[in-house]
There are 2 protein chains.
Amino acid sequence: MNDVARAAGVSLKTVSNVLNDYEFIRPATKQKVLDAIAELGYEANLTARSLRSGKTRMLGLVLSDLSVPYYAELASRLMSIAAGRGYRVLVEQSGAEAAHELSALQGPFRQLTDGLLFTPLALDAGTIAARQGTKPIVMLGEHIADPRFDLVTMKNSEAAASITAHLLAAGRRRIAVLGAAAGDTTDSPGLRLNGYRQALEVAGVEFDPALVVQCEWRRDGGASAVVGLAESGVPFDAVFGLNDAIALGAMHELLIRGIKVPDDVAVAGFDDIDEARFASPSLTTVSPGMEEIAERSIKLLIDRIEGVERAAAGLHVEAGFELKVRDSAP
Amino acid sequence: MNDVARAAGVSLKTVSNVLNDYEFIRPATKQKVLDAIAELGYEANLTARSLRSGKTRMLGLVLSDLSVPYYAELASRLMSIAAGRGYRVLVEQSGAEAAHELSALQGPFRQLTDGLLFTPLALDAGTIAARQGTKPIVMLGEHIADPRFDLVTMKNSEAAASITAHLLAAGRRRIAVLGAAAGDTTDSPGLRLNGYRQALEVAGVEFDPALVVQCEWRRDGGASAVVGLAESGVPFDAVFGLNDAIALGAMHELLIRGIKVPDDVAVAGFDDIDEARFASPSLTTVSPGMEEIAERSIKLLIDRIEGVERAAAGLHVEAGFELKVRDSAP
DNA sequence: CGCACTGTATACAACGTTATAGGGTTGGCG
DNA sequence: CGCCAACCCTATAACGTTGTATACAGTGCG
């Protein structure tokens, strides 16, 4: 910057002012500076700028594992949208472990970013509230639906109810639910299971706990859940995987066992990942509005960072959902 | 740091020395400093450290799109491995566009990172060589196999030959290849196609250009390639998708058309993405050693950054591959 | 014609760290 | 006893920006 100032015959600060679009600069002066910049191929040093300004123009994204398709697609969208507003996204994988989530919240990672998009899976609201620091945080997902935090989420219950209702409308009465968690009802599995139960109730179909299976939210989780169901001998005519990975794994296992989809058993999922469209048969699922989640969470976070959004923390945003009826459950 | 120095009764630089494991510090002094750090909850400012040292301890990863499963899985592994060596990974999506690749190579992104893992898809070797700057770059993939650059890649030809030989050994003679590109032979499609042709030659089976189909490397590319083949009336008894996405899209389309896999047509892919295992039927494919690629590319890049690897640029590393025989082509 | 004002540019300090050079203490050895 | 290393620590000056305070022109106006 010194060289540029000398070449343009102005002071250091004038160059800085030009770069920062300072209001009161004579066009002639500005042009001289811009010429000098172009001639010398000068580029501002972002590190120095960060040190001085205290801002990095980076957003932190904390999720369990980037190789999970839903997170990968979300991260991709978030990065593109953030880029449009002049921010970069720095991803941190927590492996859903409390220690990692904590270090993302408090450690050096936090320092590097102006704000956090946080998908907590292990930490509870109290712990986060106690260590949230001063920079803005926007929660993603539903594990933490706490009035103290800004939150962007999806209509889990409504969407799950909607797809369950679709299965019921097609005449299915024994709908197995795969991917339930133990006990709680405030996170994704809980909310989606609630939606399922509500839809049953509306339709006047009795809830059977034997149809609720706990499993990991992965393809192999869905597959082994079907193994468990088959071995237990519980009859079922539909499977609702609480996410697409579970549903796809389950469908795979059903087909291997010679069970026809959708003739013998209908299969439905949740998330509408790209893969769902191209499965065989294509997977009926519900799209939770990822594009909208990405857009609104980035907007909210940046507005917080830049002081545009001044409402007290605790804004809750719910994106709309859309039923995707395909061949696995017409 | 000033406060810590005062609390410990030492100079600023001594605190810095403790943090940087400087050799000559009395244990007692070191302990005083560490106590003061713990008491005050001090954390070093990474931005200031970067400004002073010129290092950010971040690695840049340039790829086309993080939502592509192969890249998502690769990025996930790279991040974990880099974390083990004290580095973070900052991802930049190029959309396979030359302008974006160029700005990742030269723009602010470069400044933020100590070195680059670069998957160029649009730029040619000459352009990159002219603008590579001074920081280390390790190329990933095979679009740029140039003696001027360090490169970590997979055995494309050998792996493609191996899976083709597997199809041939199972008695297939009309193996369609999906995902070929126009003309060139130095990038992934070209190398894999070469492997295919070599395997045919070894087996004494004649090469038929009518079986080579160009398409996008996505699921829908594979699906529409099958549509094209079917409409053209060219007979075939196997499909080799040059990546798994193509193969899965193709398999989907085959099944929709009532063509049995593997009875009527065997299907094979390339990449061994997680999804391949759980497709119906599960996809025979070849695993290109992603774990090894991730490990060796990170090691090479960091060794360059830290000056450990002093060989002239142009090291080429090829990871091993492994055939994964599954139900789509037993 | 002088005064207040707006517009434009500057000097200086500061952000929090590390590199450099040098200043004390020791202890060993001739 | 004096000298030289080896060891331990410190003062000062950077790294490249931007915030603050201030200086210097021109205007418009009484």
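Order of the sequence lines sets the chain letters (A, B, ...), proteins ahead of strands, with each chain counted from 1. Below, all heavy atoms of this structure are taken into account, side chains as well, without hydrogens, waters or symmetry copies.
- A donor-acceptor pair under 3.5 Å is absent between the side-chain atoms of B/E101 and the main chain of B/A96, judged by distance alone.
- Atom P of nucleotide D/dC8 and atom NZ of B/K32 are separated by 13 Å, given to the nearest angstrom.
- Looking at heavy-atom distances under 4.0 Å, A/E43 makes contact with sugar-phosphate atoms alone, never a base.
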| task | Sugar-phosphate atoms are those with a prime plus P, OP1 and OP2; base atoms are the rest. Using that split, label each nucleotide of nucleotides 7-13 of chain C B, S or - for protein heavy atoms under 4.0 Å, 5' to 3'. | result | SBSBB-B

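- Here the C1' atom of nucleotide D/dT17 and the NZ atom of A/K55 are 16 Å apart, to the nearest Å.
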| message | Could you go through B/I302 and B/L59, starting from their C-alpha distance and side-chain angles, then the distance that decides it, and tell me whether this counts as side chain to side chain contact (heavy atoms under 4.5 Å, CB included)? | response | CA-CA 9 Å; B/I302 294 182; B/L59 309 179; 4.2 Å; yes

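- Among residue pairs with one or both ends in residues 294-311 of chain A, those qualifying as salt bridge (Lys or Arg N to Asp or Glu O under 4.0 Å) are A/R85-A/D303, A/R85-A/E306, A/D150-A/R304, A/E292-A/R296, A/K299-A/D303; sequence neighbours excluded.
- Atom-to-atom, CZ of B/R49 to C1' of D/dA14 comes out at 17 Å; the value is rounded to the nearest Å.
- For the residue pair A/T14 / A/N17, no side-chain donor-acceptor distance below 3.5 Å is found, with atom types taken as modelled.
- Within the nucleic acid shown, B/S53 has no heavy atom closer than 4.0 Å to any nucleic acid atom.
- The closest donor-acceptor contact from the side chain of B/H316 to the backbone of B/F149 lies under 3.5 Å.
- Following rounding to the nearest Å, A/R57 (CZ) and D/dT18 (P) show an atom-to-atom distance of 12 Å.
- Going from atom CG of A/L46 over to atom C1' of D/dT18 covers 14 Å, rounded to whole Å.
- Note: CE (B/M1) to P (C/dA14) measures 18 Å, nearest angstrom.
- Atom CG of B/L12 sits about 10.0 Å away from atom CG of B/D3, to the nearest 0.5 Å.
- A straight line from CG of A/L51 to P of D/dG16 spans 12 Å, rounded to a whole angstrom.
- The separation between B/R6 atom CZ and D/dT10 atom C1' is 16 Å, rounded to whole Å.
- Within the structure, a side-chain polar atom (N or O) of A/N20 is placed less than 4.0 Å from OP1 or OP2 of D/dT18.
- Remark: A/S50 pairs with A/T56, B/T47 by the side-chain contact (heavy atoms from CB on, under 4.5 Å) rule, at least two apart or across chains.
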